[in-house]
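Structure, as structure tokens:
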Number of protein chains: 2
Amino acid sequence: MAATGKKIIIIGAGLCGTLLALRLAQRGYKVTVYERRPDMRKTDISAGRSINLALSDRGLKALSLAGIDKDVLKLVIPMHGRMIHPIEGTSQFVNYSGRSGEWINSVSRGGLNTLLMDKAEETGQIQIHFNCECRDIHFGDTSLVIENLQTGLSHTDTGDVIFGTDGANSALRNAMLSQSARWRFDFSIKFLETGYKELEIPAAVDGGFRLEKHALHIWPRPGFMMIALPNLNGSFTVTLFLPFEGKVSFSQLQTDQEITEFFKKYFYSAYEQMPDLLEDFRSNPTGSLGTVKCFPWQIDGRFLLMGDAAHAVVPFYGQGMNASFEDVLVLDSLIDTYDGDWSLIMPEYQKNRKDDTDAIADLAVDNQYEMRDATADPVFLLKRRIELYLEQQYPHYFSKYSMVTFRADIPYSQAMHKGRQQDAILMQYAQEIESFDRMEASVILKKLEHLYV
Amino acid sequence: MAATGKKIIIIGAGLCGTLLALRLAQRGYKVTVYERRPDMRKTDISAGRSINLALSDRGLKALSLAGIDKDVLKLVIPMHGRMIHPIEGTSQFVNYSGRSGEWINSVSRGGLNTLLMDKAEETGQIQIHFNCECRDIHFGDTSLVIENLQTGLSHTDTGDVIFGTDGANSALRNAMLSQSARWRFDFSIKFLETGYKELEIPAAVDGGFRLEKHALHIWPRPGFMMIALPNLNGSFTVTLFLPFEGKVSFSQLQTDQEITEFFKKYFYSAYEQMPDLLEDFRSNPTGSLGTVKCFPWQIDGRFLLMGDAAHAVVPFYGQGMNASFEDVLVLDSLIDTYDGDWSLIMPEYQKNRKDDTDAIADLAVDNQYEMRDATADPVFLLKRRIELYLEQQYPHYFSKYSMVTFRADIPYSQAMHKGRQQDAILMQYAQEIESFDRMEASVILKKLEHLYV
């Protein structure tokens, strides 16, 4: 079917929506995008939430499809591994991969979104309307009611297909949920006991980085942790992950003294680098962390949820944005397969993709424990050392982390199944040998070989 | 704390809301109830959905607390067991219990709700406002916005506490969900592939029952089934449970001929008793079957979800209403424990009750398979025969069904855990012996004894 004449409406000009718009425009579709927020290129959008993100191979593969990976890579800071900061003693750097050329990239959400909007508009096929909130969905005639938040005026727009890429609190998804019995729309949202708050380690006086630049920094502590990702301007965006309630929790950090003592006690090395800690702590919100799963994602080949709207995940695997970009890649390949017939593309897309986004959602929840607790566990650190050795010596060996992060050719669900089995075998082995000197590669490879048939 | 002076608002005058209102009034509270629908005592409310229900011991225990069990029992028809109608051959009656005095009761939803409303209003402490829909909840000051659907006028009402007993599509729950991150409100809704449609076997010309009166009738078929419960007027309410899609499904029943042939082929004995089949089939909606779970149920000791609003279940265990009535029983006992202090009662209530309503939700999903598939399986029928024998001979033995249905003293979660273990042991044994003649009670009791310590 010819793309021409088909009108596409996209709700949400975030990362997923703009990449989708760009790719559809490249295929010849006319695309109208409605975005609730003002144009971030003209207005300073309130910060305090996910200022930077980790971009890895799945995301890059999708950006490459749209021909903008090289532009994006100019905006990133490579992070080659985790710098683990114990409560006392020396920091330890642990590579993400035993192979060269495998790392993840810190990128500014705003910078990347701006680039995507610019590239999308350059096609001349895409209109992005800002300050436009979706108020209602009419499933019968594929239309939606849009309110211009600046004028207060509403209008109805009708498309051939409507995409909801409007994030974790998606208007399209909420409309499907409000008629859940009609669509037999399964939905779940599940929160962690842990909340988060973004803070900052500013650039040094000379403009340089106060910590190792090419690392994702982790301060693992019992039941909570802090992380930091580098920004181009020399600063780090710091995120404190801490339970809302309990003995050591956000609820216990009320006074300046309580906040200061907490950071001094648990994060002294970082505390020294955070001159605006109290101000940041008070002015930035304490966010919740939830996983959203739902199904079906599509209705009648005319409506489709993508990105966080379909599968919001917690941030602990650094895969939320990558999974959303990969959504565009998977959809794009089906446009070829089904020659642009959305009534075939959308059902196949959701069938193809659901297991994989469920898998990354579950992996992300699990990874909180790995980052927060396991990185402080000697057995886990030995296991990682063995894995890095295997990755260096045996080209066919990939850790779970590597399969998820660097192997865009392996679906998330396969990476999860194989990776979990590997992890169990290697943790068991690390426990047995207790020391890296006692490792025998042939023994491990034997234990793992059934996974590589 | 004294009940006097505390203003209670209840959203929803269904079965749970009216029993709750009645019980709170008996304790001296003033209660305002808002109900979206018209007064069913004055208006004929559209039928076609769950016309009759199965009332059993948990429900009766709660009704007894409110002193109205004897009035309710005048409205019911006891059902002593399942009458199983195979596709060919003779029907078989299987008791619900091996003990005398244990049965379930068919009751009209409307008749029971009417009685509850009458009893509630008789207290003089309760105002039920009909045609009043909850449009908004203000969590800050414990108020809600009510629209009178007849006048179109809205007003705000403020209470000390607000209960949401407004069913599977609860306005209070939806308000909590719309601010899910604020309350870290976990929510899930999950639908079955199976839908349902209510039909009727009318009374015989002489006013009598066309099928055995004191039975729950089941026509088990591969992947679908039909059931029928007796009504006081001699009719049976029939429910067809059938997948929405597939080879044998609602989607295949479009023309009169398709509908007629389907019933003739699979339900001939019932078909002969359904003179208005085609009219009923076309005029009654095809309903979806979903399970709702959520948590927390309460906010700040001021808002509480109860009944289907907190835990909507599928109908296959006949426990939805009973679980909702039991909610009132559990809450009532905590009012004593905590001397009417809602800030203690509500958190304790949700903590105490959540595992049990999760259990009955899961049991209800499982029981679809038991009713639809197992009742046509010789091994299952042998297992049930063994169980009935055990119940007759050994007073301490209770089947899972009996624990759930007749043992209001055993929480649902315990009934589930113990019952599932028993089921596995007995199914295994039935498979081994193949015939009732080979049963040795001492052998079975030995296999089960670890569950009775």
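These numbers were taken from a predicted model, which means no experiment stands behind them. Letters A, B, ... mirror the listed sequences (proteins, then strands); counts begin at 1.
- Identified by a heavy-atom distance below 4.5 Å to chain B, the contributing residues of residues 171-188 of chain A are A:Leu177, A:Ser180, A:Ala181, A:Arg184, A:Phe185, A:Asp186, A:Phe187, A:Ser188, in residue-number order.
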Set out, in order, the CA-CA distance, both residues' side-chain angles and the distance that settles side chain to side chain donor-acceptor pair (under 3.5 Å) for B:Tyr412 and B:Gln319, then state yes or no. CA-CA 10 Å; B:Tyr412 282 129; B:Gln319 285 292 319; 2.6 Å; yes
List the steps, then state whether side-chain contact (heavy atoms from CB on, under 4.5 Å) holds for A:Arg36 with A:Leu149. CA-CA 8 Å; A:Arg36 189 171 52 81; A:Leu149 299 176; 4.0 Å; yes
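- Within residues 348-357 of chain B, no residue has a heavy atom under 4.5 Å from a heavy atom of chain A.
- At a cut-off of 3.5 Å, with distance as the only test, no side-chain donor of A:Thr237 or A:Glu198 sits close to an acceptor on the other residue.
- Residue B:Thr255 comes nearest to B:Arg282 through the heavy atom pair C-NH2, 3.5 Å, listed as atom of the first residue, atom of the second, then distance.
- A:Phe241 and A:Phe224 have their aromatic ring centers separated by at least 6.0 angstrom.
- Within a 6.0 Å sphere centred on CD of A:Glu193, other residues, nucleotides and ligands contribute 12 heavy atoms or fewer.
- Side-chain atoms of A:Asp358 and A:His311 form no donor-acceptor pair, as typed in the model, at a separation below 3.5 Å.
- Here the closest non-hydrogen pair linking B:Lys197 and B:Asn284 is NZ-O, 2.6 Å.
- Looking at A:Thr291 and A:Lys190, their side chains never bring a donor and an acceptor atom within 3.5 Å of each other.
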